[in-house]
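Note on naming: letters A, B, ... go to the chains in the order of the sequence lines (proteins, then strands), and numbering restarts at 1 for each one.
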Amino acid sequence: MKKQFDALRKRYTLCILVQDIPGVLSQVARLFSRKGYNIESIVSGATDRPHITRISIEIVADEMMIEQIAAQCRKLLPVLAVKVLDSEGSIHREIALIKVRTEDRDGREEIIQIANIFRAKIIDICKDSLTIAVFGTPVKNDALIDTLSDFSILEIAKSGTLAMERGPGTIYQELRDEE
Amino acid sequence: MKIRSTQAILECLLEQGVDTVFGYPGGTILNLYDELYRYRDRIRHILTSHEQGASHAADGYARATGKVGVCFATSGPGATNLTTGIATAHLDSSPVVFITCNVSENLLGKDAFQEVDITGIAMPITKATFLVRDPEEIVPVMRQAFVVASSGRPGPVLIDFLKNVTAPSQTVEYAPVPAILQGDRLPEIRALRRRLSAPQPDEGEITRLLEMIRQSERPFLLCGGGVVRGRASAEFLAFAEKLDAPVAITVMGGGGIAGDHRLSTGMIGMHGSHASNTACAECDLLIAVGCRFSDRIATDAATFAQQAKIAQIDIDQSEIDKNILTDLHIVGDAKAVLFALNARMGQMQHTEWKERILSLRPPEEAAQSGGTLAPAQIMDVINRIAPENTIFSTDVGQHQMWAIQSVHFRYPGQLLTSGGFGTMGFGLGAAIGAQAGFPDRRVLHLTGDGCFRMNCNELATVEHYRFPIVTVVFNNGCLGMVRQWQTLIYGKRFSETTLDRGPDFVKLAEAYGLRGYRAATAAEFEAAFRSALDCGSGAVIDAALNMDEMVRPMVAGGSPVTDFLLD
Ligand SMILES: Cc1ncc(C[n+]2csc(CCOP(=O)(O)OP(=O)(O)O)c2C)c(N)n1
Ligand SMILES: [Mg+2]
């Protein structure tokens, strides 16, 4: 039987463990650009293991394409493990910083209330502006941003999405066995 | 033991059994060349006319010998001149270690003279690149590079040493490890090789494939480049004979099974034979060994082997289900998988099916004599007169297809051709590499007038090293393969494909100190060829062909393999 690939384009997160050596990020990112894929978000950071970095890449693609990119990624010398996560089997979080202009006291109060409803934090405040930090799923964060769009948003920065498999399974199970 | 860093680089080459390197010196790599001078009795350096020639020579050496090729170049333009050669090796999975030197650490990133980010440039066309900034990394990186190039699916690797790392004052700790390739004595190297090598074939998958074979009435076998690179021709032959099915080759598979074997149907794909392409369309089981189903094979992926279950045997997991969806795949080294299959497989019999397909093969008739010289006549002379184990290197175009269609390659490494990248100008460098690897074997370079113009500067290398390479120029006065497309698909608008210009290839050969011959009939060609083989030096035969000769058959890209545009 030929393998059936889901042709529907969906949001996937590719989690990749790499040795933390120069050039590795561009090596991984290149696999997407050569296929003409736009990376929705990319996060790179340390793990609990020394000299191992975790790169999380969010992308909208069909299943065949994501599997091919994952397979090509596994061939890169500094890549130690690759895991494809879809939105059902995994948890996703991102941080967003949102700077909003505050015209007067009432406006400020209203923004603070909205932030509280979203369990966001006010991390900077001055006479003319407020900066809110929100931690949550990309959907929740976008909802907050949408609500705040009634006000005058000055700047937004997002961390990009981190993802992890639900349950006790870990990406380390994908690690190639080493001697 | 403390030794100079450049010494460490060369000692690491000797560890790997390297005795020949191809290259071209320059400012940043001077320290390494200075060291090479001291090692000149142990490492032979072949100086080409151009870095591209050196890159193809190292590649040709690797393809012919099965060993890892080595190529040196300086920074900047030296390094970028390698890139076509690196990509050529990459697409055809040829193991080559490219060594370049870059500017010193203090100049890095400052657009210094002849600085280029070659590790960045080479990233997409290598298995790995290494930028060495610390002398202590030299030895581990050199050892890793050879493991990476030769393990699993082979391919090119590039190492870029900063010039300060190679300074004569730099010393590094070095503990000799002899015969590393045979023994892999170092645990970290062993671990790396294990990580990069193909897994043992899965017995469950073997069982399933054997079951599919038992159920098949019309099996068809495809010999890809993996059989050649994996030197698995003996196992492939045994498997083919047990399967008792027609066998086609891809361009890269030439030499994987003898071209005149009774089951052989010749090439498949765009210029595939009627027998191969029909078998592909009619078979109920297609077993592909070491083949990625490129668009030159599966001209139309949707209709490719439509009636068949497809089984793919490949060393590279990322090739599975990439171009063609498979019903079953076995990831592993061709030799190991075929060995496992053979061990458990009985003799099959597919007389009727086999007869049907094999009957489509054109009768082996002698080329017509007389008239103006035709490609078939050239090939006929070569097939009759060239020694049986002759190594053939080709360039790219019509002459390449004529050669692969009509020479009966018998062993892996006998055909050197740029299948994946289609690099015009590959042939002469590759022939030089093969001749350096096999001084006693005859090496023929079959080229077109367009390709030969690109890199004929390497005739200087042929002459200098006394390589008795015979170049046959299929001189049709045009970029024949492109012209063929223009004839068939572009309403005969011959836009920029006519090569009505010099040089005179006979005079050119003579200018390089080689023998030159001209031939316009089969008789002249035969006389020239015999004389060239005996002349004791390199030679060029300018063989005049009609402009409108075509490669037959032909299937247009995007069409099913049996929709012949040209019979
Ligand atoms: C470097 C490079 N440039 C362009 C091409 C496109 N191309 C493919 S075959 C061909 C014609 C080659 O002409 P010639 O060497 O005379 O061979 P012929 O087809 O006439 O036998 C060209 C231009 C290529 N494959 N490689
Ligand atoms: Mg030509």
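Other residues, nucleotides and ligands contribute over 12 non-hydrogen atoms within 6.0 Å of the CG atom of N106(B). The environment of E217(B) atom CD is sparse: at most 12 non-hydrogen atoms of other residues, nucleotides or ligands sit within 6.0 angstrom. The 12-atom threshold is exceeded at NZ of K83(A), counting heavy atoms of other residues, nucleotides or ligands nearer than 6.0 Å.
The distance from the CG atom of D327(B) to the CE atom of M1(A) is 8.5 Å, given to the nearest 0.5 Å. Considering OG1 of T126(B) and CD of Q27(A), their distance stands at 7.5 Å, rounded to 0.5 Å.
Note: K322(B) leads H329(B), K322(B), Q144(B) in heavy-atom pairs under 4.5 Å with chain A. Counting heavy-atom pairs closer than 4.5 Å to chain A, the top residue among L192(B), T119(B), D316(B) is D316(B).
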Discussion item. M64(A) vs L325(B), test: side chain to side chain contact (heavy atoms under 4.5 Å, CB included). Steps then yes/no.
Written reply: CA-CA 10 Å; M64(A) 186 164 178; L325(B) 291 180; 4.0 Å; yes
Item to complete: Just do the side chain to side chain contact (heavy atoms under 4.5 Å, CB included) check on F130(B) and L77(A) with the steps written out, would you?
Response: CA-CA 11 Å; F130(B) 300 90; L77(A) 195 60; 3.7 Å; yes
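Using non-hydrogen atoms only and a strict 4.5 Å limit, no part of residues 112-150 of chain A faces chain B.
Contact of Q68(A) with chain B is made through the side chain alone, with heavy-atom distances under 4.5 Å.
With hydrogens and angles ignored, the 3.5 Å screen pairs no side-chain donor or acceptor of R195(B) with any backbone N or O of L80(A).
Contact annotation: the side chain of S26(A) approaches that of M123(B) to within less than 4.5 Å [non-hydrogen atoms, C-beta and beyond].
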